[in-house]
Amino acid sequence: MPLIIHTIPAFQDNYLWLFHQAGEREAFVVDPGDAQPVLEYLEKYDLDLAGILITHHHPDHTGGIKTLLSHYNAPVYGPDSPNIPQISQRLYEGDSITLAGTTFSVLEIPGHTLDHIAYKASPEGQSPLVFCGDTLFTAGCGRIFEGTAKQMYQSLQKLAALPDMTQIYCAHEYTLSNLAFAAAVEPNNLALQDKTTDDENKRQQGLPTVPSTLGIERETNPFLRCHLPSLALAASQHSSSQLSDPIDVMREIRLWKDSF
Ligand SMILES: [Zn+2]
(Lines give C-alpha, C1' and ligand atoms only; values in the text may rest on other atoms or scores of the structure.)
Protein backbone atom coordinates (compact mmCIF):
# COMPACT_ATOMS: atom_id res chain seq x y z
CA MET A 1 0.00 0.00 0.00
CA PRO A 2 1.26 3.50 -0.77
CA LEU A 3 2.95 5.62 1.82
CA ILE A 4 0.86 8.72 2.59
CA ILE A 5 2.64 11.83 3.88
CA HIS A 6 0.68 14.67 5.48
CA THR A 7 1.79 18.24 6.11
CA ILE A 8 1.08 19.63 9.58
CA PRO A 9 1.99 23.32 9.86
CA ALA A 10 3.24 24.45 13.29
CA PHE A 11 4.48 27.68 14.85
CA GLN A 12 5.22 30.43 12.30
CA ASP A 13 6.75 28.42 9.49
CA ASN A 14 7.53 24.85 10.62
CA TYR A 15 6.26 21.75 8.88
CA LEU A 16 5.78 18.58 10.88
CA TRP A 17 5.50 15.51 8.66
CA LEU A 18 3.15 12.68 9.54
CA PHE A 19 3.16 9.49 7.50
CA HIS A 20 1.32 6.18 7.42
CA GLN A 21 0.52 3.39 5.04
CA ALA A 22 -2.74 3.85 3.14
CA GLY A 23 -5.54 2.13 5.04
CA GLU A 24 -3.46 1.72 8.22
CA ARG A 25 -3.94 3.61 11.49
CA GLU A 26 -0.32 3.39 12.67
CA ALA A 27 1.19 6.81 12.03
CA PHE A 28 4.67 8.25 12.48
CA VAL A 29 5.59 11.88 13.00
CA VAL A 30 8.83 13.61 12.06
CA ASP A 31 10.20 16.41 14.28
CA PRO A 32 7.17 17.22 16.45
CA GLY A 33 8.23 20.59 17.83
CA ASP A 34 4.68 21.02 19.06
CA ALA A 35 2.42 18.19 20.25
CA GLN A 36 -0.96 19.90 19.96
CA PRO A 37 -1.33 20.02 16.17
CA VAL A 38 -0.15 16.39 15.98
CA LEU A 39 -2.67 15.24 18.61
CA GLU A 40 -5.45 17.12 16.83
CA TYR A 41 -4.49 15.60 13.51
CA LEU A 42 -4.34 12.05 14.89
CA GLU A 43 -7.76 12.47 16.46
CA LYS A 44 -9.33 14.07 13.40
CA TYR A 45 -8.17 11.29 11.06
CA ASP A 46 -8.53 8.45 13.60
CA LEU A 47 -4.82 7.53 13.56
CA ASP A 48 -2.56 6.13 16.31
CA LEU A 49 0.93 7.40 16.93
CA ALA A 50 3.31 4.45 16.43
CA GLY A 51 6.64 6.26 16.42
CA ILE A 52 8.47 9.59 16.46
CA LEU A 53 11.43 10.42 14.22
CA ILE A 54 13.83 13.22 15.18
CA THR A 55 16.41 14.87 12.92
CA HIS A 56 18.21 17.09 15.46
CA HIS A 57 17.92 18.56 18.93
CA HIS A 58 16.46 22.05 18.33
CA PRO A 59 13.32 22.71 20.42
CA ASP A 60 11.12 23.46 17.39
CA HIS A 61 11.79 19.83 16.35
CA THR A 62 11.66 18.12 19.75
CA GLY A 63 9.44 20.25 22.00
CA GLY A 64 6.35 18.06 21.53
CA ILE A 65 7.96 14.69 22.31
CA LYS A 66 7.17 14.68 26.03
CA THR A 67 3.48 15.47 25.60
CA LEU A 68 3.08 12.97 22.75
CA LEU A 69 4.64 10.24 24.93
CA SER A 70 2.15 11.05 27.70
CA HIS A 71 -0.63 10.12 25.23
CA TYR A 72 1.04 7.31 23.26
CA ASN A 73 3.57 4.64 24.15
CA ALA A 74 5.72 5.09 21.05
CA PRO A 75 9.41 4.60 20.26
CA VAL A 76 11.47 7.71 19.57
CA TYR A 77 14.07 7.35 16.81
CA GLY A 78 16.85 9.88 16.49
CA PRO A 79 20.54 10.70 16.63
CA ASP A 80 22.89 9.77 19.45
CA SER A 81 22.60 13.15 21.13
CA PRO A 82 22.88 14.10 24.80
CA ASN A 83 20.42 16.90 24.07
CA ILE A 84 17.49 14.55 23.34
CA PRO A 85 17.04 12.29 26.38
CA GLN A 86 13.77 10.83 25.09
CA ILE A 87 15.43 8.98 22.18
CA SER A 88 14.77 5.26 22.66
CA GLN A 89 16.52 4.04 19.51
CA ARG A 90 19.72 5.86 18.56
CA LEU A 91 20.55 5.83 14.88
CA TYR A 92 23.83 6.12 13.00
CA GLU A 93 24.95 6.46 9.38
CA GLY A 94 23.77 3.47 7.36
CA ASP A 95 21.25 2.22 9.93
CA SER A 96 17.82 1.38 8.61
CA ILE A 97 14.39 1.10 10.20
CA THR A 98 11.19 -0.16 8.64
CA LEU A 99 8.14 1.95 9.49
CA ALA A 100 4.74 2.00 7.78
CA GLY A 101 5.93 -0.72 5.39
CA THR A 102 8.84 1.45 4.20
CA THR A 103 12.53 1.11 4.93
CA PHE A 104 14.23 4.36 5.96
CA SER A 105 18.00 4.66 5.86
CA VAL A 106 19.90 7.08 8.05
CA LEU A 107 22.34 9.70 6.79
CA GLU A 108 24.48 11.63 9.25
CA ILE A 109 24.49 15.24 8.05
CA PRO A 110 26.24 17.48 10.62
CA GLY A 111 26.64 21.23 10.11
CA HIS A 112 23.44 22.94 11.26
CA THR A 113 23.91 20.93 14.45
CA LEU A 114 26.46 18.22 15.15
CA ASP A 115 23.74 15.65 15.85
CA HIS A 116 21.76 16.17 12.63
CA ILE A 117 20.57 13.10 10.72
CA ALA A 118 18.24 12.57 7.74
CA TYR A 119 15.92 9.71 6.84
CA LYS A 120 15.79 8.61 3.21
CA ALA A 121 13.45 6.07 1.67
CA SER A 122 12.33 4.69 -1.67
CA PRO A 123 8.73 3.53 -1.15
CA GLU A 124 7.76 0.94 -3.73
CA GLY A 125 6.16 2.51 -6.81
CA GLN A 126 6.63 6.07 -5.44
CA SER A 127 9.23 8.80 -5.72
CA PRO A 128 12.14 8.50 -3.31
CA LEU A 129 12.04 10.94 -0.42
CA VAL A 130 14.13 12.34 2.36
CA PHE A 131 13.24 13.98 5.67
CA CYS A 132 16.19 16.35 6.03
CA GLY A 133 15.18 18.65 8.90
CA ASP A 134 17.06 21.94 8.84
CA THR A 135 20.00 20.96 6.63
CA LEU A 136 18.68 21.35 3.07
CA PHE A 137 15.74 23.73 2.51
CA THR A 138 13.93 24.54 -0.68
CA ALA A 139 16.34 27.02 -2.32
CA GLY A 140 18.47 27.25 0.81
CA CYS A 141 20.22 25.49 3.66
CA GLY A 142 20.24 25.72 7.44
CA ARG A 143 22.47 28.05 9.39
CA ILE A 144 25.75 26.55 10.50
CA PHE A 145 25.26 26.70 14.29
CA GLU A 146 27.49 23.89 15.55
CA GLY A 147 29.48 22.38 12.70
CA THR A 148 31.99 23.76 10.22
CA ALA A 149 31.43 24.95 6.65
CA LYS A 150 33.26 21.83 5.50
CA GLN A 151 30.87 19.58 7.43
CA MET A 152 27.86 21.42 6.05
CA TYR A 153 29.23 21.22 2.52
CA GLN A 154 29.82 17.47 2.83
CA SER A 155 26.35 16.95 4.31
CA LEU A 156 24.74 18.87 1.46
CA GLN A 157 26.79 16.83 -1.03
CA LYS A 158 25.52 13.64 0.60
CA LEU A 159 21.95 14.81 0.04
CA ALA A 160 22.80 16.02 -3.48
CA ALA A 161 23.88 12.48 -4.36
CA LEU A 162 20.30 11.22 -4.02
CA PRO A 163 18.25 10.65 -7.21
CA ASP A 164 16.81 13.69 -9.04
CA MET A 165 13.22 12.66 -8.28
CA THR A 166 13.84 12.61 -4.51
CA GLN A 167 11.19 14.62 -2.68
CA ILE A 168 12.85 17.01 -0.23
CA TYR A 169 10.78 17.13 2.96
CA CYS A 170 12.48 19.94 4.86
CA ALA A 171 11.15 21.36 8.11
CA HIS A 172 10.42 25.01 7.27
CA GLU A 173 8.55 27.15 4.77
CA TYR A 174 11.45 29.52 4.05
CA THR A 175 11.18 29.22 0.30
CA LEU A 176 10.27 32.73 -0.89
CA SER A 177 12.93 34.46 1.21
CA ASN A 178 15.45 31.81 0.15
CA LEU A 179 14.54 32.39 -3.50
CA ALA A 180 14.99 36.16 -3.09
CA PHE A 181 18.50 35.53 -1.79
CA ALA A 182 19.24 32.96 -4.52
CA ALA A 183 18.24 35.55 -7.14
CA ALA A 184 20.69 38.05 -5.63
CA VAL A 185 23.45 35.44 -5.97
CA GLU A 186 22.44 34.22 -9.44
CA PRO A 187 20.43 36.98 -11.14
CA ASN A 188 20.67 35.26 -14.55
CA ASN A 189 19.46 31.80 -13.49
CA LEU A 190 16.29 31.23 -15.55
CA ALA A 191 15.28 28.06 -13.67
CA LEU A 192 15.37 30.13 -10.51
CA GLN A 193 13.09 32.77 -12.03
CA ASP A 194 10.60 30.07 -13.11
CA LYS A 195 10.62 28.46 -9.68
CA THR A 196 10.06 31.83 -8.02
CA THR A 197 6.96 32.43 -10.16
CA ASP A 198 5.61 28.95 -9.37
CA ASP A 199 6.26 29.21 -5.64
CA GLU A 200 4.83 32.74 -5.35
CA ASN A 201 1.64 31.36 -6.90
CA LYS A 202 1.56 28.49 -4.42
CA ARG A 203 2.00 30.82 -1.45
CA GLN A 204 -0.68 33.18 -2.72
CA GLN A 205 -3.05 30.20 -2.68
CA GLY A 206 -1.90 29.27 0.83
CA LEU A 207 -0.20 26.10 -0.43
CA PRO A 208 3.14 24.78 0.85
CA THR A 209 6.13 24.94 -1.52
CA VAL A 210 7.58 21.87 0.22
CA PRO A 211 8.44 19.21 -0.89
CA SER A 212 10.65 20.29 -3.73
CA THR A 213 12.64 17.74 -5.72
CA LEU A 214 16.38 17.32 -5.71
CA GLY A 215 16.53 17.82 -9.49
CA ILE A 216 14.97 21.28 -9.12
CA GLU A 217 17.17 22.09 -6.15
CA ARG A 218 20.28 21.25 -8.15
CA GLU A 219 19.21 23.87 -10.70
CA THR A 220 18.10 26.57 -8.27
CA ASN A 221 19.59 26.14 -4.79
CA PRO A 222 22.83 28.15 -4.49
CA PHE A 223 24.10 25.89 -1.72
CA LEU A 224 24.03 22.89 -4.08
CA ARG A 225 25.75 24.88 -6.83
CA CYS A 226 28.97 26.00 -5.11
CA HIS A 227 31.10 23.99 -7.55
CA LEU A 228 29.93 26.16 -10.49
CA PRO A 229 31.89 29.14 -11.89
CA SER A 230 28.88 31.49 -11.55
CA LEU A 231 28.71 30.81 -7.81
CA ALA A 232 32.47 31.13 -7.35
CA LEU A 233 32.32 34.50 -9.12
CA ALA A 234 29.42 35.77 -6.98
CA ALA A 235 31.09 34.61 -3.76
CA SER A 236 34.42 36.12 -4.82
CA GLN A 237 32.81 39.47 -5.59
CA HIS A 238 30.97 39.45 -2.28
CA SER A 239 34.09 38.62 -0.27
CA SER A 240 36.42 40.80 -2.39
CA SER A 241 38.79 37.85 -2.62
CA GLN A 242 39.40 35.08 -5.13
CA LEU A 243 37.41 32.00 -4.09
CA SER A 244 37.34 28.77 -6.09
CA ASP A 245 37.20 25.90 -3.59
CA PRO A 246 33.50 24.91 -3.32
CA ILE A 247 33.76 24.78 0.49
CA ASP A 248 35.07 28.37 0.59
CA VAL A 249 32.34 29.40 -1.84
CA MET A 250 29.67 27.79 0.33
CA ARG A 251 31.07 29.37 3.50
CA GLU A 252 30.94 32.81 1.87
CA ILE A 253 27.43 32.32 0.42
CA ARG A 254 26.20 31.16 3.84
CA LEU A 255 27.75 34.22 5.54
CA TRP A 256 26.15 36.43 2.87
CA LYS A 257 22.76 34.82 3.52
CA ASP A 258 23.14 35.28 7.29
CA SER A 259 23.11 39.05 6.81
CA PHE A 260 20.84 39.26 3.74
ZN1 LIG B 1 17.32 23.48 13.65
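Note that ligands are numbered from 1 as they come in the structure, with each ligand's atoms numbered from 1 the same way.
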Undergrad: At less than 2.8 Å, would any N/O/S atom of Asp134, backbone or side chain, sit next to the Zn ion (ligand 1)?
TA: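 Yes.
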Undergrad: Trp256 vs His238 aromatic rings, parallel, tilted or perpendicular, using cut-offs 30° and 60°?
TA: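 Rings of Trp256 and His238: parallel, under 30°.
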Undergrad: Determine the minimum heavy-atom distance between Val249 and Ala235, stating which atoms define it.
TA: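 That closest heavy-atom pairing would be CG1-CB, 3.9 Å.
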Undergrad: Does His58 bring an N, O or S atom to within less than 2.8 Å of the Zn ion (ligand 1)?
TA: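 Looking at His58, which is the residue asked about, there is an N, O or S atom under 2.8 Å from the Zn ion (ligand 1).
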Undergrad: Would you name the heavy atoms of Tyr119 and Ile54 that are closest together and state the gap between them?
TA: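 Between these two residues, the closest heavy atoms are OH-O, 2.7 Å.
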Undergrad: Answer yes or no: is there an ion pair linking Asp199 with Arg203, defined by an N-O contact shorter than 4.0 Å?
TA: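 No, no charged N to carboxylate O under 4.0 Å.
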Undergrad: Looking at the Zn ion (ligand 1), is one of the N, O or S atoms of His61 less than 2.8 Å from it?
TA: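 It does not; every qualifying atom lies at 2.8 Å or beyond.
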Undergrad: With the Zn ion (ligand 1) as the point of reference, which N/O/S atom of His56 is the closest?
TA: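 This turns out to be NE2.
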